[in-house]
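Every chain is numbered from 1 and lettered A, B, ... according to where its sequence line falls, protein lines coming before strand lines. Not measured: the values here are computed from a predicted model.
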Protein chains: 2
Amino acid sequence: MLETDRSRSATHQSYAVLRDRILNGELPGGTKIVEEKIASELGFSRTPIRESIRKLEYEGLIVNKRVVKPTEKDLRNNFQMRILLEGYAAQCAASFLPEKDLQALYECVEIGRKGTTEEIMDANERFHEIIVRASNNSVMIDTIDRMQSLIYLFRKTVVLNQRPHLIDEHEQIYEAIKARDGEKAADLMKRHLQADLDFCLHIIG
Amino acid sequence: MLETDRSRSATHQSYAVLRDRILNGELPGGTKIVEEKIASELGFSRTPIRESIRKLEYEGLIVNKRVVKPTEKDLRNNFQMRILLEGYAAQCAASFLPEKDLQALYECVEIGRKGTTEEIMDANERFHEIIVRASNNSVMIDTIDRMQSLIYLFRKTVVLNQRPHLIDEHEQIYEAIKARDGEKAADLMKRHLQADLDFCLHIIG
DNA sequence: TTTATTATTTTTGTATACATTTTTTATTAT
DNA sequence: ATAATAAAAAATGTATACAAAAATAATAAA
């Protein structure tokens with residue numbers, strides 16, 4: 001259904017719409033966000049709009065009342081965080097990951113080889129999510145969650161060019177986790193993210 | 001001056017007051033936070049109070065409309081994050097830290113030995129802050145900033161018992177940074193935070 | 001007494017109005 | 001024409017009112 005979902009709060013609805021409009025480029029970086037304008041556009045009052053804007057500010061999608069225009073530095077900063085957190089998470093995964101999740105991880109690799117672009121993107125996201133959850137650390141999970149939007153925003157420009165070896169790297173990480181080799185899993189994950197960053201930087205540079 | 005500061009917004013004022021009341025124990029863990037009650041208490045309307053509450057929720061000081069009661073798990077999660085981020089920051093500091101900051105770092109160590117309890121606490125906080133800033137990564141800096149309140153809340157119970165070797169450890173970290181030994185600085189920082197965590201857990205356990 | 005069910009009250013969510021601040025535009029002086 | 005200032009407009013911050021939802025208390029049935 002495409003009509004607005006009356007079962008959720010106005011705040012939640014407007015947040016979701018705004019967020020999507022930013023992520024899909026409908027509201028490009030630099031766009032001024034004016035409460036009243038958004039409010040009348042979406043058919044809500046300013047009050048819930050205000051709250052969604054605040055939430056988007058916390059996620060870094062809105063800065064100074066404008067849609068963020070992430071810099072190369074932002075990209076580096078976010079990836080450096082991911083390298084630290086997901087590296088650690090991969091190590092945890094090697095120690096703790098239950099069989100069920102291990103299978104799910106492998107499915108992501110398989111879809112990465114055979115799926116449609118859409119499916120591949122989902123699978124990649126899921127691959128990382130499973131590993132992050134293995135950290136069993138809600139602070140980390142929430143932090144990475146908050147960073148997702150910004151990273152996605154950047155990735156859009158990159159995503160159509162499928163990066164070579166991406167799935168191979170995932171498979172290697174999967175193998176290391178399966179073999180319960182924490183050191184190796186962490187190291188591979190860090191290299192994987194670094195390569196991803198380098199690829200992004202190369203494309204936009 | 002103790003009277004409310006009219007130069008700042010109601011949102012900012014109420015945020016600061018609420019935050020402090022939570023941190024100093026005036027609003028102990030588990031206390032139900034009711035917008036209307038706080039509003040009339042502080043002499044503002046619900047609108048700005050609502051916003052401050054949201055902000056405190058993002059910081060983790062309010063959960064489900066109640067003042068957070070951090071668990072041992074929360075403590076561990078937060079410290080694990082700090083170990084990763086501040087370990088990395090210490091490494092950066094060894095590479096990049098300007099002379100001026102290096103001196104400031106040493107002053108923190110000195111105050112740690114000679115100062116009053118109040119001064120020591122401030123110096124300890126500053127010591128870590130200088131190193132975190134050396135990461136030159138705003139995402140990291142902001143993340144650690146957001147975690148401070150929760151950590152402080154927990155620390156309150158521990159802070160009166162001065163932990164042995166704390167200042168010695170700071171000095172060692174300072175020395176490693178001064179010697180531009182990134183590996184060592186990171187390693188010492190990680191051990192330092194782990195020791196801090198263990199001490200906290202021991203006290204509350 | 002305990003458990004369901006229904007009133008009642010409290011609290012939150014949202015709309016609206018107005019006050020304050022910020023931004024833009026117009027005007028004047030250099 | 002440029003910079004400084006004043007006037008106007010726009011946008012945000014805050015208060016208040018009411019509607020919806022959630023929590024609590026009261027009542028009835030098992």
Could you check whether [X] gets within reach of a base, just the sugar-phosphate, or nothing at all, counting any heavy atom under 4.0 Å?
X      : value
R54(A) : sugar-phosphate
I38(A) : nothing
I33(A) : sugar-phosphate

Would you mind reading off the distance between [X] atom [atom1] and [N] atom [atom2], rounded to a whole angstrom?
X      : N       : atom1 : atom2 : value
F44(A) : dA19(D) : CZ    : P     : 18 Å
K55(B) : dG13(D) : NZ    : P     : 12 Å
K32(B) : dA22(D) : NZ    : C1'   : 9 Å
E51(A) : dT12(D) : CD    : C1'   : 16 Å
R50(A) : dT12(C) : CZ    : C1'   : 18 Å
H12(A) : dT14(C) : NE2   : P     : 11 Å
K65(B) : dT24(D) : NZ    : P     : 12 Å
K37(B) : dT10(C) : NZ    : P     : 14 Å

Identified pairing partner of dA29(D), criterion: Watson-Crick or G-U wobble below 3.5 Å
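Because both required distances fall under 3.5 Å, dA29(D) counts as paired with dT2(C).
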
Counting only Watson-Crick pairs (N1-N3 plus N6-O4 or O6-N4) and G-U wobbles (N1-O2, O6-N3), all under 3.5 Å, who is the partner of dA17(C)?
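Checking every strand shown, dA17(C) finds its partner in dT14(D), with both distances under 3.5 Å.
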
Closest to side chain of [X], choosing from [options]:
X      : options                   : value
R46(B) : dT14(D), dT16(C), dT16(D) : dT16(D)
V34(A) : dA11(D), dT14(D), dT12(C) : dA11(D)
S45(B) : dT14(C), dG13(D), dA15(D) : dA15(D)

Backbone of D74(B) reached by a side-chain donor or acceptor of N78(B) within 3.5 Å
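Yes, because the side chain of N78(B) sits within donor-acceptor range (under 3.5 Å) of the backbone of D74(B).
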
Counting N and O atoms only, with roles assigned by atom type, does the side chain of E119(B) sit under 3.5 Å from a partner on the main chain of T116(B), one being a donor and the other an acceptor?
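At least one qualifying donor-acceptor pair exists.
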
For T47(B) and for E35(B), locate the closest nucleotide of DNA chain C by heavy-atom distance; then report the residue assigned to the nucleotide nearer the 5' terminus.
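Counting from the 5' end, the first nearest nucleotide belongs to E35(B).
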
Where each residue is assigned the nucleotide of DNA chain C containing its nearest heavy atom, which of R66(A) and A10(A) is assigned the position nearer the 5′ end?
A10(A)

Pair S52(B), T11(B): side-chain N/O donor-acceptor within cut-off below 3.5 Å
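Absent: no donor and acceptor within the cut-off.
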
Checking side-chain polar atoms at under 3.5 Å, does D168(B) have a donor or acceptor matched by the opposite partner on Q172(B)?
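No, because no side-chain N or O of D168(B) sits under 3.5 Å from a partner of the opposite role on Q172(B).
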
At less than 4.0 Å, is any side-chain N or O atom of T11(B) found next to OP1 or OP2 of dG13(D)? Yes or no.
no

Which of parallel (below 30°), tilted (30 to 60°) and perpendicular (above 60°) describes H170(B) and H128(B)?
perpendicular

